[in-house]
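Below is one structure, written out as structure tokens; comments come after it.
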Amino acid sequence: MDGIRTFPFPVELSLGGVGMRVGRMGAGRTWHAEASSAPLERVHRIDFHVVMLFDDGPVRHMIDFAEYEASPGDVLWIRPGQVHRFSEASEYRGTVLAMQPGFLPRATVEATGLYRYDLPPLLHPDEAQLAGLRSSLAQLQREYEDTATLPLSLHAAVLRHSLTAFLLRLAHLAASSAEAARRQSDTTFTLFRDAVEKNFATNHSVSAYADSLGYSRRTLVRAVRAATGETPKGFIDKRVVLEAKRLLAHTDIPIGRVGAAVGFPDAANFSKFFQQHTEMTPAAFRAELR
């Protein structure tokens with residue numbers, strides 16, 4: 001492998017060419033046209049969102065080195081860029097939604113927390129929440145499949161409204177814990193987190209992030225510690241280590257190039273940094289997973 005395969009949203013497979021798909025999970029279902037050459041059981045990324053609501057289980061699914069086990073009624077939310085893999089041993093039954101972030105207005109993307117990477121992918125709705133999610137998703141599916149009664153522009157507009165209604169329910173579920181709600185309300189941490197996600201490969205400096213966001217270093221330290229329990233430097237380093245692990249585990253890119261890809265042009269410095277945070281050299285980490 002030269003890198004981790006990233007699949008774009010399959011517009012050609014969606015009804016009417018709109019920026020979303022929704023339907024039943026099952027054998028033979030896929031979200032790209034190259035299923036035979038790139039089966040979903042191999043690690044890959046997607047540049048769109050996938051939400052799976054399970055009718056059966058248990059289902060095991062790997063996302064960024066963590067194995068999640070979903071039961072009937074659980075929801076798995078995979079966000080763009082996350083490395084994941086379907087399980088050959090699990091039967092995926094239920095409803096799956098795939099959507100491009102660009103299909104929705106920016107305000108809706110913000111309101112529904114589409115880029116809340118700090119929230120867990122696996123969600124456990126209670127009975128009332130599950131009933132609401134199922135009803136909303138069923139309505140969205142009906143609108144998606146009804147391509148005959150409205151012109152395409154109106155069809156897309158109705159889909160956006162129905163999708164927004166479902167995502168607002170999902171976002172409320174994802175943020176329902178006290179810790180998640182506290183993180184969501186912390187604008188300083190949210191801005192810092194988003195900046196790190198965008199720039200971690202080239203910027204490891206806490207002071208540089210503070211300056212670019214217009215905060216003092218002390219304010220940034222307080223906000224990040226309140227939201228995560230760790231320092232801004234620890235948060236940045238954790239994100240760098242995660243990306244390095246992704247590339248070491250799932251690609252054959254030379255270790256020196258992996259280091260360069262996460263902001264360490266000097267291979268020795270990258271090896272020292274990685275070993276400091278994982279107690280393993282990059283080579284040993286890669287070898288252990290092969």
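The shortest non-hydrogen separation linking H49 to P101 is CD2-CG, 3.5 Å. Across every non-hydrogen atom of R286 and I255, the tightest pair is NH1-CG1, 4.1 Å. Counting all heavy atoms, side chain and backbone alike, A249 lies closest to F285 at CB-CE2, 4.3 Å. When all heavy atoms of S162 and L140 are compared, the pair lying nearest together is CB-CD1, 3.8 Å. For H204 against V262, the heavy-atom pair with the smallest separation is NE2-O, 2.9 Å. When all heavy atoms of F270 and P282 are compared, the closest pair comes out as CE2-CG, 3.7 Å.
Looking only at distances, no side-chain donor or acceptor of Y144 sits under 3.5 Å from a matching main-chain atom of G23. Between the side chain of S90 and the main chain of R60, a donor-acceptor pair closer than 3.5 Å is present. Listed for the S212 side chain is a donor-acceptor partner under 3.5 Å among the backbone atoms of A208. Side-chain atoms of S136 never come within 3.5 Å of backbone atoms of L133 as a donor-acceptor pair (strictly under, hydrogens ignored). Panel note: side chain T164, backbone R160; a donor-acceptor pair is recorded below 3.5 Å. For the pair Y117 (side chain) and P80 (backbone), a donor-acceptor distance under 3.5 Å is present.
There is a side-chain donor-acceptor pair under 3.5 Å between R24 and T95.
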List the steps and the verdict of side-chain contact (heavy atoms from CB on, under 4.5 Å) for L167 and M99. CA-CA 11 Å; L167 290 176; M99 57 183 171; 3.4 Å; yes
In sequence, state the C-alpha distance, the side-chain angles, and the governing distance for D55 and R134, and then conclude on salt bridge (charged side-chain N to carboxylate O under 4.0 Å, His left out). CA-CA 10 Å; D55 292 341; R134 287 195 188 281; 2.8 Å; yes
Evaluate the side-chain contact (heavy atoms from CB on, under 4.5 Å) criterion for residues V224 and T231: first the C-alpha distance (whole Å), next the side-chain angles of each, then the deciding distance (0.1 Å), finally the verdict. CA-CA 6 Å; V224 176; T231 66; over 6 Å; no
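With contacts defined as side-chain heavy-atom distances shorter than 4.5 Å, the pair F48/M20 does not qualify. Here the side chains of V18 and L152 are in contact, with some heavy-atom distance below 4.5 Å. Residues Q129 and H124 are not in side-chain contact: their nearest non-hydrogen atoms beyond the backbone lie 4.5 Å or more apart. Between L123 and L170 the shortest side-chain heavy-atom distance falls below 4.5 Å. In this structure the side chain of H61 reaches within 4.5 angstrom of the side chain of F86, judged on heavy atoms. Looking at F200 and K238, their side chains never come closer than 4.5 Å, going by heavy atoms from C-beta outward. A 4.5 Å side-chain heavy-atom check between F273 and V241 finds at least one atom pair inside the cut-off.
Separation of atoms CG (L173) and CG (L168) is listed at 12.5 Å; rounding is to 0.5 Å. Note: R217 CZ to S207 OG = 4.0 Å, rounded to the nearest 0.5 Å. The distance from atom CG of L247 to atom CG of D252, rounded to the nearest 0.5 Å, is 11.5 Å. The structure places CD1 of I4 at 6.0 Å from NE2 of H250, a figure rounded to the nearest 0.5 Å. A distance of 12.5 Å separates NE2 in H84 from OH in Y68, rounded to the nearest 0.5 Å.
Between F192 and Y215, the ring centre distance reaches or exceeds 6.0 Å. Residues F274 and F264 keep their aromatic ring centres 6.0 Å or farther apart.
In the hydrophobic clustering of this structure, L15 does not group with L150; members are Ile, Leu, Val, Met, Phe, Trp, Tyr whose side-chain heavy atoms approach within less than 4.5 Å, directly or through other members. Cluster membership for L76 and M25, using ILVMFWY side-chain heavy atoms within less than 4.5 angstrom, is shared. Tracing side-chain contacts under 4.5 Å through hydrophobic residues (I, L, V, M, F, W, Y), one never reaches V158 starting from L163; they form parts of separate clusters. No single ILVMFWY cluster, assembled from side-chain heavy atoms under 4.5 Å apart, contains both V196 and V221.
Salt bridge E67/R85: present, at least one basic N to carboxylate O contact under 4.0 Å. The residues E243 and R239 are annotated as salt-bridged, a charged nitrogen and a carboxylate oxygen being separated by less than 4.0 angstrom. A salt bridge does not link R142 with D146: every distance from a Lys NZ or Arg NE/NH1/NH2 to an Asp or Glu carboxylate oxygen is 4.0 Å or more.
R79 forms no cation-pi arrangement with Y115, by the criterion of a distance under 6.0 Å to the ring centre and an angle within 45° of the ring axis.
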